[in-house]
Amino acid sequence: MTLADSVTQWYDINARDLPWRVPGTSAWAVLVSEVMLQQTPVVRVTPAWHAWMERWPTPADLTQDPPSEAIRMWGRLGYPRRAMRLHACAVAIVERHGGRVPDDLDQLLALPGVGTYTARAVATFAYGQRHPVVDTNVRRVVSRAVAGDPDAGPATTTADLAAMAELLPIEPARAARASIAFMELGAIVCTARSPRCGVCPFEQVCAWHQSGAPAPAGPTRKTQKYAGTDRQVRGLLLEVLRHATGPVPRQRLDTVWADEVQRARALSGLVTDGLVEPLDSDADRFVLAGDHPPRFPPLS
DNA sequence: AACGCGTGGAG
DNA sequence: TCTCCAAGCGT
């Protein structure tokens, strides 16, 4: 039995019951889930996805609201640029594709915030096409089971896709099933920290497990700091702006971080990224992108 | 090809 | 506490 067959059988029994996997889920709903899942765990995505889909069931619905609403709806999922890009994505889908999420890989790739993984995930899981779909889970599973390496190195798209293509069944529906199964295995069994080899369908054939499941060799990749970085300051600034019911005076934003230089850099970064806009020409009040009056009617 | 980009939970 | 890391993308 092939690895794909083996993991698919395992998936049939052990797959989590995730809402975007329900048959008949729209391509838009799949796309939203994939973007939310970029670097954010399932447990935090699930409620946000339900709320988002209820409010904006189609791309056209989302385009009826400004990006600021998408950023607010994003809540604390992290990397709020994704919310902005998802909004831009909806606009592009309406403008270029008549409001329907494209099924063509290159057209998907051309959408804002849609990269190699997400484009292939949508084409595969929403449209049933046969493409290698390689995320961090798949890279780890293949790295261990096939190559015998404890961890996959940095993503090397071309090689990873080629390696995965070798493992996929020919029939598109079965290939799609195998891809989601590999991902699921990496997510809940062949995990980064403490893999549960005892319940893994690959236990008897896994090159890594057969060689004693050695720990990674040299120094792991350097851990990224958060506390004290611009990212933290951006998060604090955005937190204020998300909850604001009107334009936020610069003075208010000044309270979130003591270091003036860093604070100014973080704010200008948010403006550069398009998440935040100065409301006045002298930049003493700020709003989330698109949050212009008449949302905030003048007091008069 | 590294790096910047949020947030919160687990070990 | 602190470190790691969770279905990446864009530059």
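Note on naming: letters A, B, ... go to the chains in the order of the sequence lines (proteins, then strands), and numbering restarts at 1 for each one.
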**OP:** Assess whether salt bridge (Lys or Arg N to Asp or Glu O under 4.0 Å) is satisfied between A:Arg21 and A:Glu184, documenting all intermediate values.
**Re:** CA-CA 12 Å; A:Arg21 289 180 181 165; A:Glu184 188 76 344; 2.6 Å; yes

Original post:
Can you check the A:Tyr79 OH to B:dG6 P distance for me, whole Å?
Top reply: 7 Å

Subject >> A:Asp291 and A:Arg72 ion-paired at < 4.0 Å >> reply: yes

Original post:
Which is true for A:Thr116 with a 4.0 Å heavy-atom rule: it touches a base, it touches only sugar-phosphate, or it touches nothing?
Top reply: sugar-phosphate

**OP:** Tell me what A:Pro154 touches on the nucleic acid: a base, only sugar-phosphate, or nothing, going by heavy atoms under 4.0 Å.
**Re:** nothing

Original post:
Rounded to the Å, how far apart are A:Arg140 CZ and C:dA6 C1'?
Top reply: 9 Å

**OP:** May I ask you to say what A:Arg44 touches in the nucleic acid, namely base, sugar-phosphate or nothing, with a heavy-atom cut-off under 4.0 Å?
**Re:** base

Original post:
Heavy atoms under 4.0 Å, any strand shown: does A:Arg193 hit a base, just sugar-phosphate, or nothing?
Top reply: base

**OP:** Tell me what A:Ala192 touches on the nucleic acid: a base, only sugar-phosphate, or nothing, going by heavy atoms under 4.0 Å.
**Re:** sugar-phosphate

Subject >> Point-to-point distance, once rounded to the nearest 0.5 Å, from OG of A:Ser6 to CZ of A:Phe182 >> reply: 8.0 Å

Original post:
Base, sugar-phosphate, or nothing: which does A:Arg231 touch, judged by heavy atoms less than 4.0 Å apart?
Top reply: base

**OP:** Establish, with yes or no, whether the OP1 or OP2 oxygen of C:dT3 is under 4.0 angstrom from a side-chain nitrogen or oxygen of A:Lys225.
**Re:** yes

Original post:
When all nucleic acid strands are considered with a 4.0 Å heavy-atom cut-off, which category describes A:Ser33: base, sugar-phosphate, or nothing?
Top reply: nothing

**OP:** Kindly assign one of parallel, tilted or perpendicular to the pair A:Trp49 and A:Trp20, based on the angle between their ring planes and the thresholds 30° and 60°.
**Re:** perpendicular

**OP:** Determine the interatomic distance between C1' on B:dA2 and the same-named atom on C:dA7; round to the nearest Å.
**Re:** 22 Å

Subject >> Heavy-atom pair of closest approach, residues A:Leu108 and A:Pro102 >> reply: CD2-O, 3.3 Å

Original post:
Starting at CZ of A:Arg85 and ending at P of B:dC5, how long is that distance when rounded to a whole Å?
Top reply: 12 Å

Subject >> Atom-pair distance (CZ on A:Arg16; P on C:dA7), nearest Å >> reply: 8 Å

Subject >> From B:dG6, B:dG8, C:dG8, nucleotide with atom closest to A:Arg76 side chain >> reply: B:dG8

**OP:** Quote, to the nearest angstrom, the P distance that separates B:dC3 from C:dC4.
**Re:** 16 Å

**OP:** Taking atom types as modelled, find out whether A:Asp160 and A:Thr157 have a side-chain donor-acceptor pair closer than 3.5 angstrom.
**Re:** no

Subject >> Distance between P atoms of C:dT11 and B:dG6 (Å, rounded) >> reply: 14 Å

**OP:** Scan A:Leu77 against the nucleic acid and name what it touches under 4.0 Å (heavy atoms): base, sugar-phosphate only, or nothing.
**Re:** base

**OP:** Remember a base hit wins even if backbone is also touched, and classify A:Gly115 as base, sugar-phosphate or nothing at under 4.0 Å, heavy atoms.
**Re:** sugar-phosphate

Original post:
For A:Ser194, which contact category applies under a 4.0 Å heavy-atom criterion: base, sugar-phosphate, or nothing?
Top reply: nothing

Original post:
Base, sugar-phosphate alone, or nothing: which one does A:Ala155 contact when heavy atoms must sit under 4.0 Å apart?
Top reply: nothing

**OP:** Dump the intermediate steps for side chain to side chain donor-acceptor pair (under 3.5 Å) on A:Gln204 and A:His209, then the final yes or no.
**Re:** CA-CA 8 Å; A:Gln204 300 307 315; A:His209 186 257; 5.9 Å; no

Original post:
Among C:dA7, C:dA6, B:dG6, which is the nearest nucleotide to the side chain of A:Asp135?
Top reply: C:dA7

Subject >> Value in whole Å for how far the C1' atom of C:dG8 lies from CG of A:Asp160 >> reply: 13 Å

Subject >> Atom-to-atom span, OH of A:Tyr226 to P of B:dG6 - whole angstrom >> reply: 8 Å

Original post:
A:Arg21 or A:Leu111: which one's nearest nucleotide on DNA chain C is closer to the 5' end?
Top reply: A:Arg21

Original post:
Touch check for A:Arg265, heavy atoms < 4.0 angstrom, all strands: base, sugar-phosphate only, or nothing?
Top reply: nothing

**OP:** To the nearest Å, give me how far apart CG (A:Leu31) and P (C:dA7) are.
**Re:** 18 Å

Original post:
Taking only side-chain nitrogens and oxygens of A:Gln39, does any of them come within less than 4.0 Å of OP1 or OP2 of C:dG8?
Top reply: yes

Original post:
At under 4.0 Å between heavy atoms, what does A:Trp20 touch on the DNA or RNA strands: base, sugar-phosphate, or nothing?
Top reply: base

**OP:** Taking only the side-chain nitrogens and oxygens of A:Arg82, find out if one of them lies under 4.0 Å from OP1 or OP2 of C:dG8.
**Re:** no

Original post:
Taking CG from A:Asp273 and C1' from C:dT11, how many angstroms apart are they, rounded to a whole number?
Top reply: 11 Å

Subject >> Phosphate contact (B:dT7 OP1 or OP2) by A:Arg81 side-chain N/O below 4.0 Å >> reply: no

Original post:
Looking for any heavy atom pair under 4.0 Å, which part of the strands does A:Leu86 touch: base, sugar-phosphate only, or nothing?
Top reply: nothing

